[in-house]
Amino acid sequence: MTDEQHSETDLNDQMRERRLSLDEIIQQGFNPYPHKFDSTHTINEIIARLSSKTGEELQTARPHIKAAGRIHAINKMGKAAFIRFTDGRELLQIYLRSNEVDEKTWNLFKLLDLGDFIGVEGFLFRTKTGELSIHAESLTFLSKALTPPPDKYYGLHDIEIRYRQRYADLIANRSVREVFEKRSAIIRHIRSYFDARGYVEVETPMLTPLATGAAARPFKTHHNALDIDLYARIAPELYLKRLIAGGFEKVYEINRNFRNEGLSIRHNPEFTMLEWYEAYSDYEDLIRLTENLISELVEKICGATVIEYGERKIDFTRPWKRLTMREAVIHFWNKWDYLPPNIHPWETGLREMKQMLDDIYTITHDPGRCAICDAARKRQSESLAEQETPLERQRPTVDDLATREGLVEWINKLPDNLKSQISNLKSLDYGHLLGELFEQVAEPHLNDPVFITEFPVELSPLSKQSETDPRFVDRFELFIAGMEIANAFCEINDPADQRRRFEDQMKLRERGDDEAMVIDEDYLRALSYGMPPTAGEGIGIDRLVMILTNQKSIRDVILFPHMRPEKGDSGQGTGDRE
RNA sequence: GGGCCGUUAGCUCAGUCGGUAGAGCAUCUGGCUUUUAACCAGAGGGUCGCUGGUUCGAGUCCAGCACGGCUCACCA
């Protein structure tokens, strides 16, 4: 144990005190780490079932209680005391009098520290201020906290410690636990939704010889006995469709995908994906299912159809909007100068920014000394004026955006800051250019749920082409709060078509696109046995949980988000390493 | 990897112009038999992230490094 590795001088005064008090507890004959405690109720149950009782009712009934929990606060008043303890969800008070418990219990009480676990036996009553409390008859020692808990009032704010030591975060910040309880409820609801409709939950390999089924760089590992390289899967897609070829008509999987990419507020290298596939359906069926499923979740988890997300509101009122990718570009053309505060959450809106700059200007303005401030202020004023009296600029039409030449022409009309985001303009094909344009012009504005349809074929190597226009595929993505939440399409089931699409991807790979998809011969063999018409969809669970629990960062909905290893630790956490 | 910001007691945070390191909670001692972030009186607790530099003197100014956050790039 690491405890023995610390000399006494390494410990701060509080940790030394706690070790001394543990020794004293042992001295007094208590088992310092007993195996179990039989409760009559959890603290949560006591509050749920008995908090409606009045003081008089409790005085008559004197409900007998045995309950266990962690000590949150101690108020000692000479020969009496209040202890607040918790089951991690709710706090409950214990009232203890030296003349009403045996000497052993009173001596134990004097050795307790915040964070220790105790069991209490007694009866329920209300104090004179009306607070539900357990009048203790005896205390049982259950476990020692050798490290003091974070501040009981201010909690634990240090973001690094919160993520690295999630246990301390959970002790200190009750709202964190609520987020993860909601996450659990969301996943439970999703499972029961699909189970009730006859989908079979399956598990497909997470270590795979090929990393394919999505556009991403994989993690690579090695299997010693077989002496082969394996990849952590970037998507379960091709395995799930093998199952449809094998005769399952409806399957779903909820599990982790791994992508070897940077970390951000919206990206964790491992993330949870729901994917499902259904035979004889098309993407219109999936639009209906998606709207239905997420509406149910919003209602169940948030209890409303308009919810708050940061400083914005998201309106889930049905039916949700639908725009083709080109329509979205046209719709948000000219809007790039101004994103209202409810579009950019947690960021200062333009108007506030101007006010701030005006204030700074008033306070510090010294002509000729504050050039940067002047310039910034001027720009903000101009943007604001433009937003208030929008110039009716020309917009592209659907036909303008139908050819590569048209796209290049309109991309060249973008403001420099957006245009510069689109690199290698010359080498990109029609589909990739349209994707870039959509991303720059429309995506940040997609706040309320909206289905984006009519994806170009070049961006969709697994999607069936549209029956009416082969430049596009029968695919949609659902956007909420500017984030891509779902991706769905009619699956290619013609093995010849799929082979051509894979080959196009391999050409991109040869030209240096290391995220282009890898050809999967076994998947093509599966298709050759015949796969019924099929539609499939993936939903990013972490991002959905972010929206439903109003969390800014994906790290706030993942219990142990990835961090750089701590100094002096090789980062394995478990201590088990090669 | 680039840019911006941050790192002070166990926790949450102050720290003015460069001049002996501060508060609340927590801890310790004493008091208090219905408290509510209990209260009252007293005490202990710091390598100011690390390494250099400037200076008579650095928590404060400068440089480098480490770690973190946000952001950009990549992506869902």
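Keep in mind that the numbers below use all heavy atoms, side chains included, and drop hydrogens, waters and symmetry copies. Letters go in sequence order (proteins before strands), and every chain restarts at 1.
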| request: Return the orientation label for the A/Phe476 and A/Phe451 ring planes: parallel under 30°, perpendicular over 60°, tilted otherwise. | output: perpendicular
| said: Output the rounded distance in Å from CD (A/Gln93) to C1' (B/rU33). | reply: 14 Å
| request: Mind checking A/Arg217 for me? I need base, sugar-phosphate or nothing, with any heavy atom below 4.0 Å counting as a touch. | output: sugar-phosphate
| query | Quick one: is A/Arg164 getting a side-chain N or O under 4.0 Å of the B/rG68 phosphate, OP1 or OP2? | reply | yes
| B/rA21 and B/rG44: how far apart are their C1' atoms, nearest whole angstrom? | 15 Å
| task | Check every strand shown and say whether A/Ala172 touches a base, only sugar-phosphate, or nothing at a heavy-atom separation below 4.0 Å. | result | nothing
| said: If the cut-off is 4.0 Å, is A/Asn75 near the phosphate of B/rU35, judged by side-chain N/O to OP1 or OP2? | reply: no
| field | Pairwise P distance for B/rC61 and B/rG18, with rounding to whole Å | value | 8 Å
| task | Look at all strands and tell whether A/Asn99 reaches a base, only sugar-phosphate, or nothing, counting heavy atoms closer than 4.0 Å. | result | base
| message | Could you tell me how far apart A/Glu24 (CD) and B/rC28 (P) are, to the nearest whole angstrom? | response | 13 Å
| Counting only Watson-Crick or G-U wobble pairs whose two distances fall under 3.5 Å, which nucleotide matches B/rG64? | B/rC50
| task | May I ask you to say what A/Gly155 touches in the nucleic acid, namely base, sugar-phosphate or nothing, with a heavy-atom cut-off under 4.0 Å? | result | sugar-phosphate
| request: Look at the side-chain N and O atoms of A/Lys152 and state whether any lies under 4.0 Å from the OP1 or OP2 oxygen of B/rA26. | output: yes
| said: Does the structure show a Watson-Crick or G-U wobble partner for B/rA21, both distances under 3.5 Å? Name it, or say none. | reply: none
| query | Given that both distances must come in under 3.5 Å, which nucleotide forms a Watson-Crick or G-U wobble pair with B/rC70? | reply | B/rG3
| request: Remember a base hit wins even if backbone is also touched, and classify A/Ile265 as base, sugar-phosphate or nothing at under 4.0 Å, heavy atoms. | output: sugar-phosphate
| message | Would you measure the distance from the C1' atom in B/rG64 across to the matching atom in B/rU71 and give it in whole Å? | response | 24 Å
| When you compare B/rC17 with B/rA9, how far apart are their C1' atoms, in angstrom units rounded to a whole number? | 27 Å
| task | With heavy atoms under 4.0 Å as the rule, sort A/Glu131 into base, sugar-phosphate or nothing. | result | base
| How is A/Asp514 classified with respect to the nucleic acid when contacts are heavy atoms under 4.0 Å: base, sugar-phosphate, or nothing? | nothing
| A/Leu96 CG - B/rA38 P separation (whole Å) | 16 Å
| query | What interatomic distance, in whole Å, is found between C1' of B/rU8 and the corresponding atom of B/rC48? | reply | 4 Å
| For atom CG of A/Asp116 and atom C1' of B/rA26, their distance in whole Å | 14 Å
| query | Do the ring planes of A/Phe125 and A/His135 sit parallel (below 30°), tilted (30 to 60°) or perpendicular (above 60°)? | reply | tilted
| query | Base, sugar-phosphate alone, or nothing: which one does A/Gly540 contact when heavy atoms must sit under 4.0 Å apart? | reply | nothing
| request: Respond yes when some side-chain nitrogen or oxygen of A/Lys110 is under 4.0 Å from OP1 or OP2 of B/rC28, and no when none is. | output: no
| query | How long is the gap from CG on A/Leu132 to CG on A/Leu58, to the nearest 0.5 Å? | reply | 6.5 Å
| query | For the pair made of NE2 in A/His72 and C1' in B/rA26, what is the distance, rounded to whole Å? | reply | 12 Å
| remark: Taking B/rC28, B/rA76, B/rA38 as options, the one with an atom nearest any side-chain atom of A/Glu17 is B/rC28
| note | From CG of A/Leu91 across to C1' of B/rA38 the rounded distance in Å is 15 Å
| note | Counting primed atoms, P, OP1 and OP2 as sugar-phosphate and everything else as base, the B/S/- map of nucleotides 5-10 of chain B against protein heavy atoms under 4.0 Å is -----B
| message | Rounded to whole Å, how long is the line connecting atom CZ of A/Phe258 with atom P of B/rC74? | response | 24 Å
| Distance-only donor-acceptor test, A/Glu100 side-chain atoms vs B/rU33 base atoms, 3.5 Å | no
| task | Answer with yes or no whether the side chains of A/Gln93 and A/Thr127 bring together a donor and an acceptor at under 3.5 Å. | result | no
| request: Write down the distance separating the C1' atoms in B/rU16 and B/rU60, rounded off to the nearest Å. | output: 10 Å
| said: Against the six-membered ring of A/Phe123, is A/Arg62 placed for a cation-pi contact (under 6.0 Å from the centre, within 45° of the normal)? | reply: yes
| task | Ignoring backbone atoms, establish whether A/His157 has a side-chain N or O less than 4.0 Å from OP1 or OP2 of B/rC13. | result | yes
| task | Hunt down the Watson-Crick or G-U wobble partner of B/rU27, both distances under 3.5 Å, from any strand shown, or write none. | result | B/rA43
| said: Please give the distance between the C1' atoms of B/rA14 and B/rG46 as a whole number of Å. | reply: 15 Å
| For atom C1', what is the distance between B/rU51 and B/rG59, given to the nearest Å? | 16 Å
| message | Distance alone, cut at 3.5 Å: any donor-acceptor contact between the side chains of A/Arg475 and A/Ser460? | response | yes
| task | In whole angstrom, give the distance that lies between atom CD1 of A/Ile161 and atom P of B/rC67. | result | 16 Å
